[in-house]
Amino acid sequence: MKFGDTYTEFLHKEEVRFSEKCSHVEYKRLKKVLKTCQSCKTLQEASTADQQEGAADQNKQLCQCQSCPACDQAFFTELMKEVSDIALCFSLRVRHLLHLHVATGMQRYLLRLRQCFMNDQQAMVEKGRMLIEYVTMNAIAIRKILKKYDKVHSSENGKIFKSKMRAEHIELLQSPWLIELGAFSLNLHGSDGEGLNELSGHFSCDLDATSPIMTLMLPDSLKMEYDLTCAVCLETVFNPYALSCGHLFCKSCACSAASVFIFQGPKSAALDAKCPICREAGVYAKSVHMLELDLLLKIRCKDYWKERYTAERAEILKQSKEFWDLQAKYAVY
């Protein structure tokens, strides 16, 4: 089955499964735009064959255009809006799902009480699978349509657009929420690669390797690998946070890099605080606490997790004492 037919079938299933309307890539319509452009290009090449040799060479160079105004107007602007809407929709839906799984305080107590009468874990597994399928199918559609654009126009504007998506932190397969969703799936299934179909792919995780990674296998043998090593302490991330630029750090390392106390948290960092890796400013305010990933590490690396937990608690107590001693000193003066 061609991808266009597979994607259409996926959209029909989405309409049935989700009550709320979600954004999607208009794959077939955008592909028709490119086919129209390709037809015009073919006619141009045919007409130049009857002209003089010198003029033909000149027109041939024009055919190998780096961009097409007609395509660009109906293409990149709209595609950027669609990708932004998909990224927002995906993050909101994942946040809502994971909040039910890793709830704290009174809400956690009420959820546990509810599970005594009704076990909805299977429903959560199904929602997680649908969200993974949602983001992967749209990401594949974007990749294919950009590849088609570059092929039609003999350009690299599609690759440039991919770089722009990464720069604006809306590249779907690089979203920290996808990593959280993968950890959520692994936590519920207990083993790698179970419960996901050929459309959504499957997650696996190798935490014993020298460089711990989470892997997402997608259709067409496409593989995404997510490095779980903190770039500051060079160990497996503990109590991890993802900055809005997408880089993962231990909570303590992120706080240390931003010159804030651990108990204050990364979000208390200055607005101009920079990522330790890419040096982008303003990435702490919208940082994501990776609770599912931390739970995955707690389950699969118990000794390591306990060791890091004990060390972090001791450091928090030390920093708290320093903080209150400093406050007392200011109060005296």
Using only atom types and a distance under 3.5 Å, with no angle test, would you say the side chain of E292 pairs donor to acceptor with the backbone of E180? no

I'd like to know if D325 pairs up with K321 as an ion pair, taking the criterion as any Lys NZ or Arg NE/NH1/NH2 lying under 4.0 Å from an Asp or Glu carboxylate oxygen. yes

Between V283 and the options E280, R279, K286, the side-chain contact (heavy atoms from CB on, under 4.5 Å) test singles out E280

Does the cation-pi check pass for K144 over F3, that is, NZ or CZ under 6.0 Å from the six-membered ring centre and within 45° of its axis? yes

Salt bridge E78-K81, side-chain N to carboxylate O under 4.0 Å: no

Answer yes when E315 and R313 have at least one side-chain N-carboxylate O distance shorter than 4.0 Å, and no when they do not. no

Do S204 and M214 have side chains that approach each other closer than 4.5 Å (heavy atoms only, starting at C-beta)? no

Centroid-centroid distance, F238 to Y304, less than 6.0 Å: no

Of the non-hydrogen atoms in L296 and C205, which two are nearest, and what is the gap between them? CD2-SG, 4.0 Å

Check: Y284 ring centre within less than 6.0 Å of Y241 ring centre: no

Is the shortest distance from a Lys or Arg side-chain nitrogen in E312 or R308 to a carboxylate oxygen in the other one below 4.0 Å? no

is_close_aromatic(F323, F263), centroid dist under 6.0 Å: yes

Before giving the answer on side chain to side chain donor-acceptor pair (under 3.5 Å), spell out for H289 and N239 the whole-Å C-alpha distance, their side-chain angles and the decisive distance to 0.1 Å. CA-CA 8 Å; H289 193 185; N239 198 2; 2.7 Å; yes

Can you classify the ring geometry of Y134 versus F10 as parallel (below 30°), tilted (30 to 60°) or perpendicular (above 60°)? tilted

Is the W305 ring parallel, tilted or perpendicular to the Y309 ring (thresholds 30°, 60°)? parallel

Considering non-hydrogen atoms only, spot the tightest contact between F249 and A254 and give its length. CB-CB, 4.0 Å

Check whether any side-chain N or O of E171 sits under 3.5 Å from a backbone N or O of L173 as a donor-acceptor pair, and report yes or no. yes

Y7 OH to K31 NZ distance, which is reported to the nearest 0.5 Å: 13.0 Å

